[in-house]
Amino acid sequence: MIVEMRRGASEEQVNGVVERAHTYGFETQLNIGTDKVVVAILGSDTGRVPTENFAVLPGVQSVTRIMRPYKLASREFKEKDTQVQIGDIVIGGPKVAVIAGPCSIESRDQFLSTARAVTEAGATLVRGGAYKPRTSPFSFQGLQEEGVNLLEEIRQEVHAPVVSEIIDPHHLDEMVEHVDVLQIGARNMANYTLLRAVGRSGKPSILKRGLASTVTEWLQAADYMLASGSAQVILCERGIRTFETSTRFTLDIASVAVVKRDSHLPIIVDPSHAAGHYQLVPTLARAALAAGADGLLIEVHPDPTNALSDGLQSLTFSDFRRLMADLRLIAQAMGRTL
Ligand code: PEP
Ligand code: MN
């Protein structure tokens, strides 16, 4: 249930709503806008209380029952687009963010050369996996702590924020210190302990869509993070499992439109994991920008033929530069910059 307060409602009136919610055993979260306050009433059984019980309270403008199972990520709770601030970079504003780098950090040279190449080409954030969630336990699992040290080194050397995946809440302290944006991978979208821990950290984060999750389940996962105190969540569409086998995953470009309509959170697209093949990545990247995505997450490697993970879907430096030139034109056509 969403309670919209009148413009200029007093703190006491807002507290009245919060207290009534508590008497029913519900939790609340406030969205304090520039001219009005919206109170989300949170609970799995808010349906048992009539909306009138809140509508009669002084200072209340309207009460809306949210039929969707997610609340804090919904546009009903927060109408204005959320902008996530990472240093002086904003994700969810007019400027499109390109995040690029290798799937895994393999060595200092490999990571530094990629970070330099992608930032020179116009990427504003650098990605690199230190802890890798691999389908097989026998595949390369990432350089782990050594990888985190390299993230810190490269972030200072290249002066760009770094994005890296967190797979275990035990790594939180280490990663919060050395990483600017924590990525929650597709395989962990429903790892609620991890979502809560990252949410509590308040760190900007990227929440990837689970490979067999609906948009609704994805936004419910975002609610876990928002309910834990974070306001800094970026959604990332990365393709889902369908009957189609010609791509690694099916890029659900429609989810960009659905998320833009139903949520205030920024959404970026990862064309690399969806395509699974470097030849297809530029087309999917261009389509994502044209669909209104706020950014892209793209895998780039200095020598894809010898990459330790996801070489087949990684762009070379020159492929990436060419793609950036195309993306600039599309951003411009969409009234955005890149
Ligand atoms: C990745 O970004 O390298 C990754 C593992 O992505 P996903 O979680 O989408 O599979
Ligand atoms: Mn990868």
Side-chain angles (χ1 to χ4, degrees), residues 97-106 110-111 114-115 118 123 125-137 139-144 147-148 150-151 162-168 171 175 179-191 194-195 198 204-213 215 217-218 221-222 225 233-242 247-253 255-256 267-278 280-281 284-285 288 293 295-316 320:
V98 176
I99 305 167
C103 178
S104 304
I105 301 167
E106 298 169 9
Q110 172 252 15
F111 193 31
T114 312
V118 298
L125 296 102
V126 174
R127 66 152 282 154
Y131 293 96
K132 294 304 299 179
R134 305 304 301 281
T135 302
S136 165
S139 303
F140 175 58
Q141 303 287 309
L143 293 183
Q144 310 195 356
V148 176
L150 288 171
L151 282 156
V162 291
V163 179
S164 197
E165 178 166 352
I166 178 160
I167 58 171
D168 185 330
H171 302 150
M175 296 200 65
V179 175
D180 300 283
V181 182
L182 297 172
Q183 178 176 318
I184 294 179
R187 287 155 193 81
N188 272 315
M189 187 210 84
N191 181 340
L194 183 64
L195 297 180
V198 172
S205 45
I206 291 174
L207 176 62
K208 285 197 156 193
R209 180 178 181 182
L211 33 110
S213 301
V215 172
E217 288 161 343
W218 186 19
M225 305 182 74
V233 180
I234 302 156
L235 299 166
C236 178
E237 165 64 45
R238 46 78 73 207
I240 49 172
R241 276 268 153 79
T242 67
T247 47
R248 188 174 177 193
F249 295 94
T250 299
L251 183 65
D252 181 13
I253 208 86
S255 79
V256 176
I267 177 166
I268 63 170
V269 169
D270 167 357
S272 305
H273 289 85
H277 197 290
Y278 66 93
L280 305 174
V281 170
L284 300 192
L296 294 164
L297 182 71
I298 300 173
E299 287 187 343
V300 178
H301 195 283
D303 179 15
T305 49
N306 288 305
L308 295 183
S309 62
D310 288 346
L312 186 58
Q313 68 197 33
S314 297
L315 299 186
T316 59
F320 181 71

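Starting from 1, each residue takes its place in the sequence as its number. Just so it is clear, the structure is predicted and the values come from calculations on it, not from any experiment. Note that ligands are numbered from 1 as they come in the structure, with each ligand's atoms numbered from 1 the same way.
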Main-chain N/O of Ser139 paired with Gln141 side-chain donor or acceptor, under 3.5 Å: yes
Nitrogen or oxygen atoms of Asp270 and ligand 1 under 3.5 Å apart: no
Donor-acceptor side-chain pairing of Thr250 and Asp252 below 3.5 angstrom: no
Protein residue, atom and distance nearest to atom 4 (C) of ligand 1, heavy-atom basis: His273 NE2, 3.4 Å
For atom 6 (O) of ligand 1, the protein heavy atom that lies nearest, with its residue and separation: Lys208 NZ, 2.9 Å
Pairwise side-chain contact, Pro304 with Tyr278, heavy-atom cut-off 4.5 Å (strictly under): no
Any N or O of Glu165 closer than 3.5 Å to N or O of ligand 1: no
Verdict with reasoning, Leu207 to Met189, per side-chain contact (heavy atoms from CB on, under 4.5 Å): CA-CA 7 Å; Leu207 176 62; Met189 187 210 84; 4.1 Å; yes
Modelled atom types, side-chain donor and acceptor of Asp310 and His273, under 3.5 Å: yes
Test of proximity, Asp310 against ligand 1: N or O pairs below 3.5 Å: no
Atoms (protein N, O or S; no water) under 2.8 Å from the Mn ion (ligand 2): 4
Backbone of Arg209 reached by a side-chain donor or acceptor of Ser213 within 3.5 Å: no
By side chain to side chain contact (heavy atoms under 4.5 Å, CB included) - contacts of Arg241 (at least two apart): Leu211, Phe249
Backbone or side-chain N or O of Ala186 under 3.5 Å from ligand 1 N or O: yes
Main-chain N/O of Gln313 paired to Glu299 side chain as donor or acceptor, under 3.5 Å: no
